[in-house]
Amino acid sequence: MAAEQSIPIYTNLNELYQNLGTTLNHAERWDHLAKEFVQRFGRKPAYIARAPGRVNLIGEHIDYALFGAFPAAVERDILIACAPRSATISDEGDPSPALEPYQTSGSVIIENLHSKYPRQVFAPSRRPTQGSGQGSDAVHAEGWHLEINPKELRWESYVKAGYYGVLEHYFPPSSGQHPVPVDLLVTGTVPAGSGLSSSAAMVVASTLAFLAVNDKLDDSHPSRKLTKGELVMMAMENEKRVSTAGGMIPSVTAAITSLTSLLPSLDQAASVISNPGAALYITFFPSLAASPTPLPKGAVFVCANSLVVSDKAVTAKTNYNLRVVETLVGARILARSLGVQLHDTDTKKEKITYREVLGRFAGEEAGSELTVDQLTKALEGILENLNGLKSTKASEHGATGVTIDEMIDLSGLTEAEFTETYLSWIEVEATYFQLYKRAKHVFSEALRVLQFRQTCLDVSGEVGEEEPVEVLQRLGELMNESQASCTELYECSCLEIDNLTKLARQAGALGSRVTGAGWGGCTVSLVPEAIVDSFIAKVKETYGPYKDLEGDRLGEVIFATTPSSGACGRFGR
Ligand code: NG1
Ligand code: MG
């Protein structure tokens, strides 16, 4: 299992660069970072951690329905160089005010090669935490405290988030151990806010850096080995502390935790587990699993940013969060109409997902992997029942939308139960809820992911041969179908994304679609290797917002990527 392998740690640089196996000039970047570290902090870095961004190739908005997605790590990554700072390590006593917090236990000085991210200094403090022991307000344990304000996006928050988990897991008050003071230097090529999950890359890299610098990471010591799966879980937990959508991610996660505590781990898993040349088929049900799946040779994925910013914190009510509610409520109603058993006869609080409805409907064995054939067969019985998600008063207000009252009726819950289960933890705003369209998207997209993966698997045995163009065409078609579904059924695209994907096809892409949450952000296009440069040149000419961009500025918004390796690091000498 890929998740059980340990995080690669390199001491041999050639081996490291070979394993990264990408076209970016990594050697130069790693070297430059190490030299800058010496310049700024007066000693060599002890360790450099690397974590890549990721792009979702297909499988949009189905992770919270617990269907699998198909992301790949990109070459663009975050590097963090670090070294312990020698200082008196003590959080007792009273450190000289002039030195504080530099010498406080676990204090952090962090700089970024990019001048727009200013130097930061912070130190964790021991704070009493509220316990649930005897008496609900009893303070029974001490925890760590680092100031992170999820409403305010600050670059160092991601670093703090990574640190938090390391403190909690490795330095519980009972251990009597103290984290070392540390200097960090960050550099990154994952454009922020462009749908490539720079956030997950930052959190994964900083988690690794804090582990390494505190001597908690060593491949040759069984107790200090860290598996990829363990890092995913830690990074995931860490990233929740810095939710960019003002609490959206924890809410989504909380909604699903009754079923699995593993969402949304897509980003972190892709950043950690990926292999060069392969995408990662990530499934969340019945538990997190990730299988690297080789992609056909000659397939290059080009990411292009629409330059439309969708601020999740502002729009979640009518976009992301609303889709989560439409999807979960739809699943409950579908379960009822299919006669699928809910497990909440007493509480009425189960948020069953479409994936579970399908599994229970098909009488699936626990833990079985879904194949194209199984899903196709199960869908025969399901799709014909989707009409139950449509309005019973269709003529009054469009064919598919249902009002909140209709939705409550169809769910079989009382208004209070419904509100408690579906609306109390998340803010949404809508007059008509499009349960039917969303369900059609979810099931068809789930099938496309499996077909995409199967197409890749079917050709992956034939080494050395050029991939027949039909294979790439088939993958492209699935991506185009996904885009159509995102536009028409899930309504998570926007005019600019629709336009950019159309221009991409005209410029020679075999397939093009929105990637990530949508309503703006990035597209991903499948482009045959031979025409990548002319493809980029044509899109630059035709997509209005790119007209005046040249050089690095253009390279930030449209660039080719081949699937890269996941997180790793190297100890300095
Ligand atoms: P992006 O926009 O890439 O962060 C979001 C969710 C994913 C998934 C996609 C839609 C977060 C952190 N990620 O991705 O889990 O639901 O939208 O497929 O919210
Ligand atoms: Mg993110």
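Indexing begins at 1, ligand by ligand and atom by atom, following the structure's order. Start at 1 with the first residue, then count along the sequence.
In this structure, Arg355 pairs ionically with Glu364, as a charged nitrogen and a carboxylate oxygen lie closer than 4.0 Å.
Relative orientation of the His114 and Tyr117 rings is perpendicular, given thresholds of 30° and 60° on the angle between their planes.
Against a heavy-atom cut-off of under 4.0 Å, Tyr64 is close to the following atoms of ligand 1: 16 (O). Near His61, meaning under 4.0 Å from one of its heavy atoms, ligand 1 places the atoms 10 (C), 18 (O). For ligand 1, the atoms sitting less than 4.0 Å from at least one non-hydrogen atom of Asp63 are 7 (C), 8 (C), 15 (O), 16 (O), numbered in the order shown with element in parentheses.
For the residue pair Glu491 and Gln434, no side-chain donor N or O sits within less than 3.5 Å of a side-chain acceptor on the partner.
By the side chain to side chain contact (heavy atoms under 4.5 Å, CB included) test, Ala331 is found to be paired with Ile352, Tyr354, Val357, residues two or more places apart in sequence or in another chain being considered. Legend: residues meeting side chain to side chain contact (heavy atoms under 4.5 Å, CB included) with Phe361, ordered by chain and number and at least two apart, are Leu338, Val340, Ile382.
The shortest separation from a heavy atom of Arg54 to ligand 1 is under 4.0 Å, placing the residue in contact.
At a heavy-atom distance under 4.0 Å, only side-chain atoms of Asp267, from C-beta outward, approach ligand 1.
Considering backbone and side-chain N/O of Gly516, none are found under 3.5 Å from N/O of ligand 1.
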